[in-house]
A.B. asks: 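One structure is given below, represented as structure tokens, and several questions about it will come after.
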Amino acid sequence: MYSFYSSNELKPKGWLLQQLKIQAEGLSGNLDKVWRDVRDSGWLGGDAESWERFPYWLDGFIPLAYLLEDKEMISRAKYYVSRMVALQRPDGWICPCSDEQIPKYDTWVIYLVTKVLLGYYECSRDESIVKVIYDILKNYYTLLSSGKISLFGWGKARWFECFIALDFLFERYREQWMADLAKILQEQGTDYRKLVDRWKRPMNYWRYETHIVNMALMLKTEAVTHNMLNGEYKGSAEYFYDILYRYNGTPVGIFTGDECLSGLSPIQGTELCSVVDEMYSIEKLFAVTGDYKWAERLELIAFNALPATISDDMWTHQYDQMSNQIACIRFPGRSLFRTNNSEAHIFGLEPSYGCCTANFHQGWPKFALSAFMKDRDKIISVIPVPSALDDEGINIELVTDYPFKNTLKYIIRTDKDFKFVVRIPSFAENITINGNKTEKTPEISFELTAGDNTEIIISFDTLPYFENRPYGLKTVKCGSLVFSLPVEYEKKMHEYVSNNVERKFPYCDYEYIPRSTWNFGFADGKLKVNRKEISDIPFSSSAPPVTVTVKMAEIDWGLEDGFESVCAKIPESTEPIGEEREMQLYPYGCAKLRVTEIPFVNIK
Ligand SMILES: [Zn+2]
């Protein structure tokens, strides 16, 4: 069982720091200035949304501010937390609603607010916040145990989220009411083990139990509750993940859901909230299990699905991303998506619905906080992204361009003995340590002693390959990067006001209109990786840090029935209709319009 470092101990460096700076200069650092549902939130006494949106934003904004050591952002974070805390009543209730509204107030937000406040405590070490969290949950227990309220809606579907803060309190205080609250939540909350059959066949209606964000959150149920409920972790997440992946998996480690589970089609969408929430669930799962599979799954989402669905400047995002996405144009008629509207795939301020606008900010900061973890006198390099760790006398800096290049240089200075473990990805080949070849291995350990001042250079190769996808299609992968055929496009900007929400540059809407042909099949099995320098935008859509060269030929792919801007789910033909040509594949995260699941052409 590993624990996380705080933003005071672990800092991003290199491309990861640059990514977080872009995020701070984009919507994440400015949402409270430009978006009514945060600026005029009920949490601030305003007349806009009074529920999840303000705390959602803080969940990412707070760690982002502290990771960047940005004084202005930190003072804003402190101010907003103080405004929230000022709402707390003597009985502990904190949410902005009247007494009469409490029984109908969906208490999922209590889980979210206590998670946000715990995150703030971990950054600020402000002990008064622990009392605020204590009083919120004690009051919640009083309301639930007296029958004045009960779980329904999101509060019922996401009951385990309460354990993020509750387990923290329980470890500190061990009070009986905490254990009782845990039992009430489990009894009244959704038992997903009884619902897995519903994940095997997409349905065209909206349900809590197949809702994609609930699926992403639910993966960590046992990881966050076992300490208080069962005592040991038994592996239910592995079972849930296998079924979700088998019936709804994408090449980039997320599940389709637009916005409930949507099967294996490469043209169904995945909601951005589920991308960042699946990442956070997996971070918790790795910490609890130490199972390297989770670390690899986390990389796959962070290096592909997350950057793909947010613009280079991080001012705009999609609600739904698709694996084969040849255009992001509003559908003039019915929507392709199961329950999301016809603009859910355009890049904008709040396409389809504003939850992702508020929630996506946690993705990169919490990922950055998962680079290193610790277990007593052992420190592990979990995700080898550029970072610097300062753990009471132990300093480790990791200099690397991973995942774009595969050399990891650890610069270590220590005043005490400790065991240092580096996770080696399963796809690493030709591994060397300080220039010496070593066997393929899941981890490399070093015993460091006080006074050591050393450098460890680990290097490996990642080889490109074709992965099988449903419907006879293939996807190119190399290490944790997925590669897509990029489609050139023109951006059409839309500035307008609707429902009192202003879309104005740079936080306006954009449609991406394709300007190059996209209907290709792979013509041979040879793949060549080309590594370049990382630009100022790590996942740049115009200057990607890695490409893959492959021969392709045009095929008669066709369009999906009833849609002018969506490729057919399965190509109509795989007969080549043009000459073979050499094409460049981009990382999925760089290719805003792309074809990722592609057939081989028929070769005579
Ligand atoms: Zn969302």
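Because the structure is a prediction, the values reported are computed rather than measured. Read the numbers this way: they start at 1 and go in the same order the structure lists the ligands and their atoms.
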A.B. asks: Going by distance alone, is a donor N or O of one side chain under 3.5 Å from an acceptor N or O of the other, for D32 and Y80?
C.D. replies: yes

A.B. asks: Quick one: do K504 and D509 make a salt bridge, cutoff under 4.0 Å?
C.D. replies: no

A.B. asks: The Zn ion (ligand 1) as vertex, arms to SG of C356 and SG of C273: angle to 10°?
C.D. replies: 110°

A.B. asks: Thinking salt bridges, do R158 and D106 make one under a 4.0 Å N-O criterion?
C.D. replies: no

A.B. asks: What N/O/S atom of E271 gets nearest to the Zn ion (ligand 1)?
C.D. replies: OE2

A.B. asks: Can you tell me if E259 has an N, O or S atom under 2.8 Å away from the Zn ion (ligand 1)?
C.D. replies: no

A.B. asks: Would you call F286 and S370 a side-chain contact if the rule is heavy atoms closer than 4.5 Å?
C.D. replies: no

